Amino acid sequence: MSHSPKGTGSLVSTEGTRHTRISGVGGYRPERVVTNAEVCTWIDSTDEWIRERSGVVSRRFAAKDETVVDMALEAAGPALEMAGITADQLGAVVCATVTHGYRTPAAAPLIALRLGANGIPAFDVGAACAGYCYAISIASDMVRGGSADHVLVVGTDRLSEATNHHDRGSAFIFGDGAGAAVVSSSDVPGIGPTVWGSDGEKWDAIRQRLSWTEIQDRSERELAGEPQDWSDAGAEDARSASTLIMSGQSVFRWAVWSMAPVAQQAIDQAGITADDLDAFIPHQANMRIIDAMVKQLKLPADIPVARDIAETGNTSAASVPLATERMLREGEVPHGGLALQIGFGAGLAYAAQVIRLP
Ligand SMILES: CC(C)(COP(=O)(O)OP(=O)(O)OC[C@H]1O[C@@H](n2cnc3c(N)ncnc32)[C@H](O)[C@@H]1OP(=O)(O)O)[C@@H](O)C(=O)NCCC(=O)NCCS
C-alpha cells in the first residue's frame, strides 16, 4: 500500500540579514609565562634554536585548575563589551577547541551558562588550529540564515595539557589561551566569503598519539598487572600517550605551499586586492611559516603582519583572535580596517576570510 504525503502547505523558513560583521573581539592570556630557558630544562635544545626555527620567545601556560571554559569566559567579556551587547542578547555560542577535558558534553553550553545565557544553542567545533576561522564562517551563516542575531565565537585551547613536554619536536611550540569574537548582523558586508577545506589524506600529520580506546585498553591491562610498553607511540605512560604528535616538516611544507593560495583566494573572493588590506593575521603556527606566506602572497611591505607567536606561542583555535586582539589593542591596525585571516592545522583543515575589524 502506498502513502501519499500529508503536508500540502509549504514550510516556513527563517530569514536572516544580508550582511554580517565582527562587532567585538577579546583575548585572554594566562598569567604564567614559560620562557625558552624553562622549556630547555625539559628538552635538549637552546633558546637560540627555538627562536630561529619557530620564532617563539615565550608562551603562557594555564594554571593547573584553569580550564578552556574558564579562559573562554575571560575572552568573551571584553568581546561582548566591544560589541556593545550583553550576554542575554546572544543567540548562540560556538566554541572552537580540541582541548576541552570531556569527549562529551561540549564546552559551549557551560560557557553559555556561566555567561548568564543558559538555554541558547551552544556547541563545539573541532577543527583544531582552523577552528576559529571555521566558527566565524558558521556563525556568519547562522546570522545570515536567521538562526541567531548575535553569535559568540570563542577559540580556546590548553595545549600545555596536550603536549608531551619531553618531545623535542613539539614541546617548544605550543601555549594556552583564549580569543573571542561576536558575529552580528550588518548593513554592509563585514565578513567576506570563506575559503575552506580539509585533507583527510594528511589526517596523521598532527594527531593524538593513541586513541582514547587504545589508551583505556592498555591502561586496563597495566592495572591487571601486565606492564605496557608505550614507546611505539613516542610516549612513556598513559598520560603522555594522549598528547599530540606532529610531523613537523610535512606540516611545515603543507602550510608554506598550500596555504598562500588559499589566502589569495580569500582576497580574490572578497573582491579586493592585497593593497586594500590593513592587516594580515595568519594562524600563529611558526614565524617562518608566517614569513614564507607573506613572501608568497607578495603583500605590500607596509601591511602589519600578526607576530603574536613570539610571546604567545601556538595556541591553536585561540591564535587568530588573540593576535587580532593584540593588534587592535596596541594600535597596530585601525578599527574598521580590513584584515585577511587564515587558520590551518590538524585535520588537516583550513579556513580563510577577509574581515572588517571591529
Ligand atoms: C617543528 C619545527 C619547528 C621543526 O623545525 P625543522 O627545521 O623542521 O627541524 P627538523 O625536525 O628538520 O630538525 C632539524 C635539526 O634540528 C634538530 N632539532 C629538532 N628539534 C630540536 C629542538 N627542539 N632543539 C634543538 N634541535 C632540534 C634535529 O635533530 C635536526 O638536527 P640534524 O639536522 O642534526 O638532524 C618545524 O618543522 C615546524 O614548525 N613545523 C610546523 C609545525 C607547526 O606549525 N605545527 C602546528 C601547525 S598548526
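The shown structure was predicted, so the numbers you read here are calculated from the model rather than taken from an experiment. Ligands are counted one by one from 1 in listed order, and the atoms in each one are counted from 1 as well.
- Scanning the protein heavy atoms around atom 39 (O) of ligand 1, the nearest turns out to be Asn286 ND2, 2.5 Å.
- Looking from atom 23 (N) of ligand 1 to the surrounding protein, the closest heavy atom is Arg168 O, 3.0 Å.
- Between Trp254 and Tyr350, the two ring planes are tilted [angle within 30° to 60°].
- Taking the six-membered ring where the residue is Trp, the centroids of Trp42 and His166 are separated by 6.0 Å or more.
- At the shortest separation from atom 19 (C) of ligand 1 among protein heavy atoms lies Trp49 CZ2, 3.6 Å.
- Among protein heavy atoms, atom 43 (C) of ligand 1 sits closest to Met246 SD, 3.9 Å.
- The protein reaches atom 10 (P) of ligand 1 closely, with a heavy atom under 4.0 angstrom from it.
- Ion pair Lys295/Asp291 not flagged as a salt bridge, since none of the NZ, NE, NH1 or NH2 atoms sits closer than 4.0 Å to an Asp/Glu carboxylate oxygen.
- The pair Arg326-Glu311 meets the salt-bridge criterion, since a charged nitrogen lies less than 4.0 angstrom from a carboxylate oxygen.
- Among all non-hydrogen protein atoms, the one lying nearest atom 24 (N) of ligand 1 is Ser45 OG, 2.6 Å.
- Electrostatic pairing of Arg60 and Glu66 does not count as a salt bridge here, judged by no charged N lying under 4.0 Å from a carboxylate O.
- Residues Glu15 and Arg144 are not paired through a salt bridge, judged by the lack of any N-O separation under 4.0 Å between the basic side chain and the carboxylate.
- Listed by atom number, the atoms of ligand 1 under 4.0 Å from Asn314 heavy atoms are 46 (C), 48 (S).
- A salt bridge does not link Asp176 to Arg29: none of the charged nitrogens lies less than 4.0 Å from a carboxylate oxygen.
- Using a 4.0 Å cut-off between a side-chain N of Lys or Arg and a carboxylate O of Asp or Glu, Asp229 and Arg218 do not qualify as a salt bridge.
- Protein non-hydrogen atoms do not reach within 4.0 Å of atom 33 (O) of ligand 1.
- At a distance under 4.0 Å, a protein heavy atom can be found next to atom 6 (P) of ligand 1.
- Within a 4.0 Å radius of atom 47 (C) of ligand 1, the protein has at least one heavy atom.
- Of the protein's non-hydrogen atoms, Arg53 NH1, 4.4 Å is the one closest to atom 15 (C) of ligand 1.
- By the criterion of a heavy-atom distance under 4.0 Å, neither the backbone nor the side chain of Ile50 is placed next to ligand 1.
- The protein atom (non-hydrogen) at minimum distance from atom 12 (O) of ligand 1 is Gln249 NE2, 2.3 Å.
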